[in-house]
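Taking it in order: structure first as structure tokens, then the write-up.
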There are 2 protein chains.
Amino acid sequence: MPGNSMKISEEPKVARARCHTNPNVSCSDCRLGALCLPIALSTEEVDQLDEIVKRGRPLQKGDHLFRESDEFHSVYAVRSGSFKAYSITDSGEVQVTGFYLPGEILGMDGISSRHHCASAVALEVSSVCEIPFERLEGLATKLPSLQHHFFRIMGKEIIKDQQMLTLLGCNSADERLSSLLLSISARNSSRHLSATKFRLAMTRSDIGNYLGITVETVSRSFGRLQKNNVLKVTNKEIEILDMDALKKAANVNQDK
Amino acid sequence: MPGNSMKISEEPKVARARCHTNPNVSCSDCRLGALCLPIALSTEEVDQLDEIVKRGRPLQKGDHLFRESDEFHSVYAVRSGSFKAYSITDSGEVQVTGFYLPGEILGMDGISSRHHCASAVALEVSSVCEIPFERLEGLATKLPSLQHHFFRIMGKEIIKDQQMLTLLGCNSADERLSSLLLSISARNSSRHLSATKFRLAMTRSDIGNYLGITVETVSRSFGRLQKNNVLKVTNKEIEILDMDALKKAANVNQDK
DNA sequence: CGCCATGTTGACTGACGTCAAGGAAAGTGG
DNA sequence: CCACTTTCCTTGACGTCAGTCAACATGGCG
């Protein structure tokens, strides 16, 4: 079904053929292969993985990929766009638990029980590869390297959350914001996007919530970083002017 | 106190035979089976698991199970006692990332890279079952239910960390401390220990660090909870006098 | 017994939250 | 395209919770 009516289809066909935004591209052809599940799989293994992956139509901004308490069936690899994961506390407040960029895996919060314990919503027009978890498990028993790799992906999620705990445990508002920017910068650069200039898809309120500070504090932090010529902030567009200063402001070693 | 030999060894041999503190007891005989890795495994599967598990001599208080940047070889199931996991931030501060009680799995921070990124230290005389990870992976490809179960264990760790993020993101000092006490209470009760009376093996400083507050604040929080007749605190001995009030103070639903 | 780590309490302070107001973007419908 | 609404963002004034510093109490251990 080449050339159905979506914005991405405005790109010329040639350039689009191997592009990870193309819903028809297989794992073996996807540009994100080096970041995503196929890492360290052989060609034929990737083809087997490819068979269980479902590629749906793009989600619009605000569309939910899954909701808290939905039954858990699949994990999702972000193909394009971005997502935020959040949950609702018992006292009714929202808590943002993560932002997910292309190549990252979403939905692992549902693995331990039969239902999700967070919701995931698209922050812009986005698309995902759905990976039915039971089938992934089935394939993983046959492909040890896939099993190994998925253990590692889950391990990475654990480390990421623990680093976040450290950030919330000891760091000031400016340090938290700087760390987030550095994290996004590094993740962009690993997928060959600019490390110094990018657009934040999430709102200030999402950022604040994620970092455990208020919107007002986020705004003031951005102000301070801009005043010190570390950043140039134009609405959601961020330009990192002085990477070293930003690292210093973060007071954490982002290099690992 | 007559004799400074370990309390455990004072128990009569008969009672000790199937006790999880006994270093010779196999997985199939361990009382913690229902909490630990063997969940949902058949008898013969447990026996296979049993073969790869190493049971070492007990660790003394302050002994390290592994250290940050140690090569990663194994995960560990706590058999008796308790551990704290912590890491050192780039600015040199300590961050406690978790406390581990019998039946819980430790060391998953090393899965995604070849080395640990946290240290684990015994908070009292403790023992563990060491589970060499490569062999676990090997066995998991043969035993789908073991693979499935280990995915779930890792998923649980992810959820636990995300709940912690929520706690640090939105809750006051009193709420954080109350939540920790409820968590320990629930974990004790799931291993058939008292849910209302227990001894905290960690120091106030560990607690504060873990909860993102200072020692002084921990002390004052304990004070407030005691003044309101929610707790009775005698050094490290905690007695929960009013469970409902503690849940209210935690402002979080601990039930799931 | 005396020492050092651990825990408690008080006084003071500051970073961040709260409340409030206004402006800028972005979405909506005609 | 423009009016209109809603959401998002910024800035200022003020209050407060928890951090900091300091002094002292306690208790486990050699």
Side-chain angles (χ1 to χ4, degrees), chain A residues 7 60-63 84 91 93-96 121-125 167-178 199-227 231-238 249 251, chain B residues 1-7 60-62 84 91 93-96 121 123-125 167-180 199-227 231-238 249 251:
Chain A
K7 274 186 198 147
Q60 295 303 306
K61 178 174 173 179
D63 285 355
K84 89 172 170 196
S91 34
E93 290 145 298
V94 171
Q95 175 65 41
V96 175
V121 64
L123 293 171
E124 58 199 304
V125 175
L167 194 68
L168 297 192
C170 346
N171 295 94
S172 69
D174 287 11
E175 289 166 342
R176 295 181 199 192
L177 184 60
S178 305
R199 184 170 183 286
L200 296 173
M202 65 294 277
T203 66
R204 301 288 196 264
S205 156
D206 288 335
I207 295 175
N209 189 297
Y210 179 59
L211 297 175
I213 55 186
T214 58
V215 207
E216 293 93 330
T217 303
V218 174
S219 192
R220 286 187 249 264
S221 268
F222 268 127
R224 280 188 289 267
L225 290 170
Q226 196 165 19
K227 203 188 67 193
L231 298 180
K232 181 155 176 286
V233 183
T234 318
N235 302 323
K236 306 209 166 194
E237 297 292 336
I238 303 293
N251 196 20
Chain B
M1 301 276 162
N4 60 356
S5 52
M6 290 181 302
K7 279 184 195 133
Q60 295 303 305
K61 179 176 174 176
K84 89 173 170 196
S91 34
E93 291 146 297
V94 172
Q95 174 67 41
V96 175
V121 64
L123 293 172
E124 58 199 305
V125 175
L167 194 68
L168 296 192
C170 344
N171 295 94
S172 70
D174 287 12
E175 289 167 342
R176 296 181 198 193
L177 183 60
S178 304
S179 288
L180 175 62
R199 185 172 182 284
L200 296 174
M202 66 295 277
T203 67
R204 300 287 195 263
S205 157
D206 288 335
I207 294 175
N209 189 298
Y210 178 60
L211 297 176
I213 54 185
T214 59
V215 208
E216 293 92 328
T217 303
V218 173
S219 191
R220 286 187 250 265
S221 267
F222 269 127
R224 280 188 289 266
L225 289 169
Q226 196 164 20
K227 204 190 66 192
L231 299 180
K232 181 155 175 285
V233 183
T234 318
N235 303 321
K236 306 208 167 198
E237 297 291 338
I238 303 294
N251 197 21

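Convention: sequence-line order gives letters A, B, ...; per-chain numbering from 1.
- Nearest to the side chain of B:Ala173, among C:dT8, D:dA18, C:dC16, sits D:dA18.
- Summarising the geometry, the separation between CZ on A:Phe222 and P on C:dC16 is reported as 15 Å, rounded to the nearest angstrom.
- The listed nucleotides are D:dC21, D:dG19, C:dG27; the one nearest the side chain of B:Glu216 is D:dC21.
- For the pair B:Leu211 CG and D:dG19 C1', the computed distance is 15 Å after rounding to whole Å.
- For A:Arg220, taking side-chain heavy atoms from C-beta onward, the closest of the listed nucleotides D:dG19, C:dG17, D:dG27 is C:dG17.
- Remark: P of D:dG28 and CG of B:Leu123 are 17 Å apart, rounded to the nearest angstrom.
- If you check D:dG27, D:dC9, C:dT9 against the side chain of A:Lys236, the one that comes closest is D:dC9.
- As judged by a 4.0 angstrom heavy-atom cut-off over every strand, A:Gly208 is placed among residues making no nucleic acid contact.
- In this structure, the CZ atom of B:Arg224 is 12 Å from the P atom of C:dG10, given to the nearest Å.
- Formation of a donor-acceptor pair under 3.5 Å by the A:Glu175 side chain with backbone atoms of A:Ser172 is found in this model.
- Using a 4.0 Å heavy-atom distance criterion, A:Lys61 is classed as a sugar-phosphate-only contact.
- The side chain of B:Thr214 lies closest to D:dT20 when the candidates are D:dT10, D:dT20, D:dG12.
- If you measure from atom CZ of A:Arg199 to atom P of C:dA25, you get 13 Å, rounded to the nearest angstrom.
- The side chain of B:Ser219 approaches C:dT8 more closely than any other nucleotide in the set D:dC9, C:dT8, C:dG17.
- Residue A:Thr217 is the one, among A:Thr217 and A:Asn235, whose nearest nucleotide of DNA chain C lies closer to the 5' end (criterion: closest heavy atom).
- Residues A:Val96 and A:Ile207 have side chains not in contact (no heavy-atom distance under 4.5 Å, counting atoms from C-beta outward).
- Between the CG atom of B:Asp206 and the CG atom of B:Leu123 there is a distance of 6.5 Å, given to the nearest 0.5 Å.
- Two residues are said to be in side-chain contact when any heavy atoms from C-beta on lie closer than 4.5 Å; A:Arg204 and A:Phe222 meet this criterion.
- Look at CG on A:Asn171: it is 15 Å from P on C:dA15, rounded to the nearest Å.
- Remark: P of D:dT10 and NZ of A:Lys227 are 15 Å apart, rounded to the nearest angstrom.
- Checked by atom type and distance alone, the side chain of B:Asn209 pairs as donor or acceptor with a backbone atom of B:Val94 at under 3.5 Å.
- Residue contacts shown for A:Gly62 are absent, as no nucleic acid heavy atom lies under 4.0 Å away.
- In this structure, B:Arg204 places its CZ atom 14 Å from C1' of D:dA25, rounding to the nearest Å.
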